[in-house]
Amino acid sequence: MKLKLASLAAALLFASPGYLSAQEKGGVINVATIGEPPTLDPMTSTADLVGIVTQHMFETLYTFDKKWTVTPLLAEALPEIGADGKTMTIKLRQGIKFHDGTDMDSADVVASLNRWVKLASRGKQAGNFIASITATDPSTVTIALKHPYAPLASLLAFNNSAAIIIPSEKQADTMAEFVGTGPYMLKERKADQYIQLVRYDGYTARSEASDGYGGARHAYLDEIRFVPVPDANTRVESAVSGQYDYVDALPVESFDKLKGAAATQPIVLKPFGYPVFVFNTAEGSAKNVEVRKAIRQALSMEDMLAAAFGSTDFYGLEGNIYPASFSWSTDAGVEGNYNVANPEGAKAAAAAAGYKGEPVRILTSRQYEFHYKMAQVAAEYLKLAGFNVDLQVVDWATLTQRRAEKGLWDIYITHSPFLPEPALIGSLSTTAPGWWDTPERKAAVDAFTAEVDPAKRVALWADVQKVIYGDVPFIKIGNFNAVGSISNKLQGVDPAPWPYFWNASIKK
């Protein structure tokens with residue numbers, strides 16, 4: 001699916017220090033992240049932080065280029081799709097070695113994809129359509145589908161709940177050995193201190209030019225250290241001082257300060273994505289759809305965005321899940337259901353729905369400071385509407401653990417980049433935290449994912465968005481731009497929603 005206008009990558013604004021004509025090997029960089037990842041197994045987590053770190057260690061069959069088109073990574077080429085749309089034949093690259101020195105073949109891929117279908121939320125989503133995954137020969141894998149399933153290649157390409165390829169002998173449900181095929185491999189992890197990755201000298205890059213997440217991945221750096229820095233203000237000060245070579249997820253109000261820094265420059269990703277309130281539709285006070293609608297009716301998206309981002313240079317008020325630059329953009333279901341900001345009406349609606357003062361437990365974290373600021377504003381509006389708000393502020397790793405337990409929360413606050421394929425949106429999966437599973441969801445989502453014609457899929461996505469507004473599994477708050485920083489001495493880093501550091505090097 002192509003974007004109407006420029007692709008997301010082309011819209012990224014980046015103050016680049018300029019590339020040298022040649023990049024040399026050597027050096028260590030330190031990357032400040034928002035905290036400690038809950039796991040280093042990207043199959044079992046949808047946390048962006050997990051994907052940011054582990055995409056350097058593990059690889060998938062496919063990935064995305066700078067235009068957000070699926071492109072081969074461990075696969076030799078794009079999949080061959082049968083005439084009936086029900087078979088996908090994947091040829092594998094030869095000479096790929098895992099970090100333990102063993103060769104990758106189709107047995108590893110089959111075992112890994114079966115693990116993905118079993119453990120990963122997006123793998124389970126795809127698994128509903130998969131009849132079998134078989135090794136046709138040592139370099140070929142065939143996926144047989146029960147029905148055509150258009151998003152499968154995109155799901156196989158995504159680094160979030162990722163279909164990573166690992167050795168067939170290392171397929172335990174709980175990963176104990178972190179052995180991938182990526183340009184960097186794990187050397188040491190010290191909890192709450194750092195994750196140390198070192199160059200894998202046995203890595204075989206693709207022959208094509210680097211292109212977004214696709215093409216050649218060059219490991220120029222000796223070492224990458226991901227350092228958890230949970231406090232947003234500390235991340236800002238460390239960025240300004242040049243303590244870290246790259247700092248992720250900075251508050252937008254730090255932009256002017258970063259522009260004036262001597263050691264670093266700001267990065268702005270525009271538009272980046274959208275903050276989202278995800279409801280627990282399985283248990284608790286938000287299980288009732290009418291209560292969810294009353295909560296939405298109470299909220300001022302405009303006030304939440306203003307509190308979180310300050311200037312409209314960094315946010316936009318829009319209920320369409322995709323902005324106008326995407327062909328997926330539609331206003332289906334939005335009118336009358338977005339930015340209503342009517343606590344009094346919400347109070348009456350909640351009472352009519354049978355709400356009797358049960359706690360509304362909101363999970364948020366200050367590691368993403370804008371999440372916390374939105375939560376504060378939301379809590380005040382909900383209190384005006386008569387809701388008994390229990391605002392729980394935890395670290396991000398704890399939040400990602402708690403949201404997996406149905407009995408522990410009613411709303412959690414997160415955000416998402418604008419994804420190239422709507423089927424990648426986590427909440428569309430019935431197994432994702434939130435557990436949205438209604439007949440209306442099934443009918444709309446199944447029709448959308450089974451259709452292969454691009455034009456028809458655009459119309460069917462409008463049907464899905466309409467059901468989202470009807471069932472309220474989550475609430476989009478608006479659009480926002482993201483800010484990070486990069487050291488003046490670091491080159492070869494293209495701005496991306498999940499920053500990556502293959503192809504990065506240090507100026508000599």
Colleague: With a 3.5 Å distance limit and no angle check, can you tell me whether E358 reaches the backbone of S285 through a side-chain donor-acceptor pair?
Modeller: no
Colleague: Parallel, tilted or perpendicular: which describes the rings of Y322 and F326, with under 30° parallel and over 60° perpendicular?
Modeller: tilted
Colleague: Show, in sequence, the C-alpha distance, side-chain angles and deciding distance for L40 and M175, and conclude whether the side-chain contact (heavy atoms from CB on, under 4.5 Å) test is met.
Modeller: CA-CA 8 Å; L40 291 182; M175 188 178 286; over 6 Å; no
Colleague: Can you check whether N320's main-chain N or O pairs, donor with acceptor, with K476's side chain at less than 3.5 Å?
Modeller: yes
Colleague: May I ask you to check whether over 12 heavy atoms, not counting those of E283, lie within 6.0 Å of atom CD?
Modeller: yes
Colleague: Could you walk me through whether R403 and T46 pass side chain to side chain donor-acceptor pair (under 3.5 Å), step by step?
Modeller: CA-CA 11 Å; R403 72 183 180 186; T46 58; 3.0 Å; yes
Colleague: Please check if the side chain of R361 supplies one atom and the backbone of D390 the other of a donor-acceptor pair under 3.5 Å.
Modeller: no
Colleague: In Å and rounded to the nearest 0.5 Å, what is the CG to OG1 distance from L78 to T69?
Modeller: 9.5 Å
Colleague: I need the minimum non-hydrogen distance between I295 and F387, along with the two atoms involved.
Modeller: CG1-CZ, 3.6 Å
Colleague: Closest heavy-atom contact between V141 and T136?
Modeller: C-OG1, 4.4 Å
Colleague: Output yes when a side-chain donor or acceptor of D395 lies under 3.5 Å from a complementary backbone atom of G35, and no otherwise.
Modeller: no
Colleague: Give me the atom names and distance for the closest heavy-atom approach of G386 to Y355.
Modeller: O-CE2, 3.6 Å
Colleague: Might you confirm whether atom NZ of K347 has over 12 heavy atoms from other residues, nucleotides or ligands at distances under 6.0 Å?
Modeller: no
Colleague: What's the shortest heavy-atom distance between G345 and N342, and which atoms?
Modeller: N-OD1, 2.9 Å
Colleague: Looking at R402 and E405, does any basic side-chain N land under 4.0 Å from a carboxylate oxygen?
Modeller: no
Colleague: Could you tell me whether the side chain of N339 and the main chain of E302 form a donor-acceptor pair under 3.5 Å?
Modeller: yes
Colleague: Measure the spacing between CZ of F58 and CD1 of I165 and express it to the nearest 0.5 Å.
Modeller: 11.5 Å
Colleague: At what distance, to the nearest 0.5 angstrom, does CG of N114 lie from CG of L119?
Modeller: 10.5 Å
Colleague: Checking side-chain polar atoms at under 3.5 Å, does Q465 have a donor or acceptor matched by the opposite partner on Y469?
Modeller: no
Colleague: Determine whether P79 and T89 make a side-chain contact, defined as any pair of heavy atoms from C-beta on separated by less than 4.5 Å.
Modeller: no
Colleague: Mind running side-chain contact (heavy atoms from CB on, under 4.5 Å) on F158 and E421 for me, showing each step along the way?
Modeller: CA-CA 10 Å; F158 202 27; E421 160 61 58; over 6 Å; no
Colleague: Are the side chain of Y381 and the backbone of P343 linked by a donor-acceptor contact shorter than 3.5 Å?
Modeller: no
Colleague: Output the distance between atom CZ (F474) and atom CZ (F279), rounded to the nearest 0.5 Å.
Modeller: 11.0 Å
Colleague: Quick one: closest heavy-atom pair of T71 and D65, and the distance?
Modeller: CG2-N, 3.9 Å
Colleague: Salt bridge between K383 and E380, side-chain N to carboxylate O under 4.0 Å?
Modeller: yes
Colleague: F272 pairs by ring-ring contact (aromatic ring centres under 6.0 Å, His included) with which of F480, F309, W498?
Modeller: F480
Colleague: Is any side-chain heavy atom of L61 less than 4.5 Å from a side-chain heavy atom of L113?
Modeller: yes
Colleague: Between S210 and N503, is there a side-chain donor-acceptor contact under 3.5 Å, judged purely by atom types and distance?
Modeller: yes
Colleague: Do T60 and N159 touch side chain to side chain, with heavy atoms closer than 4.5 Å?
Modeller: no
Colleague: Going through the distances and angles, do V50 and T39 end up as a side-chain contact (heavy atoms from CB on, under 4.5 Å)?
Modeller: CA-CA 7 Å; V50 174; T39 179; 4.1 Å; yes
Colleague: Would you check if the side chain of W116 reaches a backbone N or O of S161 as a donor-acceptor pair within less than 3.5 Å?
Modeller: yes
Colleague: How many angstroms lie between atom OG1 of T181 and atom CD1 of I166, to the nearest 0.5 angstrom?
Modeller: 10.5 Å
Colleague: Has K456 got more than 12 heavy atoms of other residues, nucleotides or ligands less than 6.0 Å from its NZ?
Modeller: no
Colleague: Find the distance between OG (S429) and CG (N128) and round it off to the nearest 0.5 Å.
Modeller: 8.0 Å
Colleague: Taking it one step at a time, do W328 and F448 satisfy ring pair (Phe, Tyr, Trp, His ring centres under 6.0 Å)?
Modeller: CA-CA 12 Å; W328 302 114; F448 171 67; 5.6 Å; yes
Colleague: Is it true that a side-chain atom of R292 and a backbone atom of V472 form a donor plus acceptor pair closer than 3.5 Å?
Modeller: yes
Colleague: Evaluate the ring planes of F129 and H147, with Trp represented by its six-membered ring, and classify them as parallel (under 30°), tilted (30 to 60°) or perpendicular (over 60°).
Modeller: perpendicular
Colleague: Do you know the tightest heavy-atom contact between R206 and R93?
Modeller: NH1-CD, 3.1 Å
Colleague: Does the side-chain contact (heavy atoms from CB on, under 4.5 Å) test come out yes or no for N479 and F418, once each step is laid out?
Modeller: CA-CA 9 Å; N479 305 331; F418 294 113; 3.3 Å; yes
Colleague: Hey, can you tell me if H415 and Y368 have their rings parallel, tilted or perpendicular (30° and 60° cut-offs)?
Modeller: perpendicular
Colleague: Using a 3.5 Å distance criterion without hydrogens, assess whether the side chain of T364 forms a donor-acceptor pair with backbone atoms of A375.
Modeller: no
Colleague: Keeping the roles fixed (side chain from Y246, backbone from Y500), state whether a donor-acceptor pair exists under 3.5 Å.
Modeller: no
